[in-house]
Amino acid sequence: MITRKAPTALAAVKKRTGETKTMSIYDTLNERQKEAVLQTEGPVLILAGAGSGKTRVLTHRIAWLIDRCGVDPWNIMAITFTNKAAGEMRARVDQIVGFGSEKIWVSTFHSSCVRILRRYIDRLGYDTNFTIYDTDDQKTVMKDVCKRLQIDVKMLKERTILNAISSAKNECMTPEEFARAEDGDFTGKRIAEAYAEYQRTLRRNNALDFDDLLLKTVELFKTCPEVLDSYQERLRYIMVDEYQDTNTVQFELIRLLAAKYRNLCVVGDDDQSIYKFRGANIRNILDFEKVYPEAKVVRLEQNYRSTQNVLDAANEIIRNNVGRKEKRLWTDKGAGSLIHFRQFDTAYDEAEFIAQDIGQKERRGALEYGDCAVLFRTNAQARLLEERFVTEGIPYDVVGGVNFYARKEIRDLLSYLKTVDNGSDDVAVRRIINIPRRGIGATTIARVQEYANERQISFYDALREADQIASLGRSAAKLGSFVMLIQSLRAKVEHYGIAGLLRDIIETTGYVRELEDSDEDDAESRIENIDELMNKVVSYEESHEEASLSGFLQEVALVADIDNVSQEGGRVLLMTLHSAKGLEFSDVYLSGMEDGLFPGYLTITSDDPAEMEEERRLAYVGITRAKKELTLTCARARMVRGETQYNMVSRFLREIPESLLDHKLPDRKVWEWESGETLSFGSSYGDGVFVTGGRRREGSASMSDSWGHEGGAAVAGGRKPSSDGFYTASAPEDGIGQTRPSVDTRPRPKAVWAPRRTAEENKPFLTKASAGLSGLSKGAPAGGRPDYEEGDRVRHIKYGEGTVTKIEEGARDYQVTVDFDSAGTKIMYAAFAKLRRV
DNA sequence: CGTACTAGTCTTTTT
DNA sequence: GACTAGTACG
């Protein structure tokens, strides 16, 4: 049981005095960290602020347990959220523990559960070779369920139902419990029915979704005490990373595992809890001491990552949150640079600045691409930045967006692999049965499905009996050849391995050939993705002694995008704030720091103050990624969902003391555009947002004449077009000024003023847009070419008259160069210059 | 059965 | 604006 290992953890260190003395790795820890490492028995809560060396503490703690306490590595478990974190943990543990480290159970929640379920799930009536459904598969299943239950997906969307089911599962609720809790409410009842039917379908397909992996493990532990006991005996020392992100099922799982020995050490930072939407329950960390009254609590507040200025900014922001454990990060590194702040007219300017700034610094040697990241709130913001990075020739990688394994071509090929591996995955079989086109249509598929349902067999098994299905007629032959194809692939797997199988599939289906012949412009990148998949197969086969198709598919099912990110690529990383958690960079750019974007509308208008706190934590996470330089940027105008939004500076920026910033924040009541225009807001209305443009809906003739005349009544939120053609808000209930797509909006831009509802100020808002505003209508970004040409005489409100010498079409807007009679030559954006032809 | 066009939705964040 | 699902038509 006890394996004492050689003292690899001890390092000989040369002291300053010159004498050589044996000193342990533990001496490099600070007092607090040491405390956390040495407290090996009983429950421990480590409140680890950002950059306070928590991974170091965890790995050293593991080493200590093995080295000094004689704990068998076999009895230790370290659990994380992402494969990447698990991999890093594993590597660092290997480094300091040496012999025996491979026996430590280091893995994610999800893969831990898969590992347990592969062994024991038959006790719950599932087959141990179950398949794992991802979000896409879930939707396919739910679509079917809705059809069967005759749920109108227009009233109740699949996604909504799935979200409700996911929340229920995260709270450990069975369909029966869910149904009981939802008595009365019609929608709730329907969701409950859908939940039950969905679960039945999954079971029939021998499939589990992500949430089930956790839930079924808990269920297994509760119904089979002997199984639980065997794991309790094995996993005597449990460590959980990112504990603030655990949800109720995860909490329960850990609670069960640790119930016998109670050696549970959780590490987390309540200020970095940003996954509430995924069911994370911040109470798990806040109430840890209530659940484990004997818990030892250690606070790690010394930060080894950032400069004091960065930390001060983060501290000042986060202290506006109420529901948190008081902490204050500090460093002995010194103040460092001021935090950079810039505001731009448009999101294009912002992106351009970031790309150029990074390029310049790199050329100057002030920055390395590989140690630099640009962060944003929503994935959609990446595109603009990408464009700029391409033009500036800066190497970059975008993290996230569409997961590699969620791409169509990858899913198609994986479905083939799944079908060959195991025909019971109906979703996979049905996905590929007509890829490439085999003339098998919806009717045929429905008939086969019907046959399968009647006989309680899988879709694939029904296909094999196609000639028995009378209703099929001639189509049966097509199905027969599909089955033949799969069978022959199956027969060959043994011989040529997974890579060979994939190659064969690509060959016989002509998948790549079809792409090569297609004139779609993303065909090339799809082929690249397929090559990438092939690489992954090959490297899987190389790194696994007993590579199997099932093993590969299982591994692939639990991969997240962040898992594949390398910081060693020498490329700038573009990603969401969520993806950035756990990473650090010397230079960090936080873009889109605007009210309405970050924090987003939904948060601003929410009645639940907890949402704003979560958003603030996200800001905190973003800022604390920076080691040295932090640049915060925002734009006055940006396109969001095809509409131009005019946003004020993010309230989070205003929570940073001005003394920490290199540029003053703009006055929140006046906007000054580069053209010299100013736009002032009513005195005490706080920050707000303008939205212009809106979708052109040509079909709705009933509205087309009403705009600017009597049409106001049809506009949502009680807005009316004012005399100068702009919608101004007359106290919309929700405080949002965004034009709704359901409302007819004429092509010409209009602006809507929607103030933030402040605690102190909730009176009617301004009713008349200021004069300067009207100019915005002339060539708002969404609009077309300005109504003047090169050579035309124009008048600018500030610079007077001049001649247009150049009009350049930019990505979205027109850049106009004007020779002014008295003010000289100016280059400006058509959208904001508000030039009038004279 | 397949294609081409239209309408609607989306954008918060993801294991 | 972009993507997707749904529909009309060949």
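Basis for what follows: all heavy atoms, side chains included, without hydrogens, waters or symmetry-related copies. In the text below, chain A, chain B and the rest are named by the order of the sequence lines, each starting its count at 1.
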Just how far, in rounded Å, is P of C:dG6 from NZ of A:K157?
13 Å
Nearest-nucleotide comparison on DNA chain B, the residue closer to the 5′ end among A:L558 and A:R159
A:R159
Assuming nearest nucleotide by heavy-atom distance, tell me which of A:I440 and A:H578 is located more 5' along DNA chain B.
A:I440
Side chains of A:E242 and A:Q244, donor plus acceptor under 3.5 Å
yes
So, applying side-chain contact (heavy atoms from CB on, under 4.5 Å) with A:I274, which one of A:R616, A:E615, A:R617 is it?
A:R617
Before accepting this row, confirm whether a basic side-chain N of the pair A:R411/A:D134 lies closer than 4.0 Å to the acidic partner's carboxylate O.
yes
Applying the 5.5 Å / 30° rule, does A:F277 stack onto the base of B:dT13?
yes
With the side chain of A:K143 defined as its heavy atoms from C-beta on, choose the nearest nucleotide among B:dT13, C:dA5, B:dC10.
C:dA5
Using only heavy-atom distances, decide whether a donor-acceptor pair under 3.5 angstrom links the side-chain of A:R377 to the base of B:dT13.
yes
For DNA chain B, determine which residues of residues 247-256 of chain A have any heavy atom closer than 4.0 angstrom to one of its atoms, and list them numerically.
none
From the candidates B:dT14, B:dT12, C:dA2, the one with an atom nearest any side-chain atom of A:R383 is C:dA2
For the P atoms, the ones on B:dT13 and on C:dT4, what distance do you get once it is rounded to whole angstrom?
15 Å
Run the side-chain contact (heavy atoms from CB on, under 4.5 Å) test against A:E555 and tell me which residues pass, sequence neighbours left out.
A:Y540, A:H544
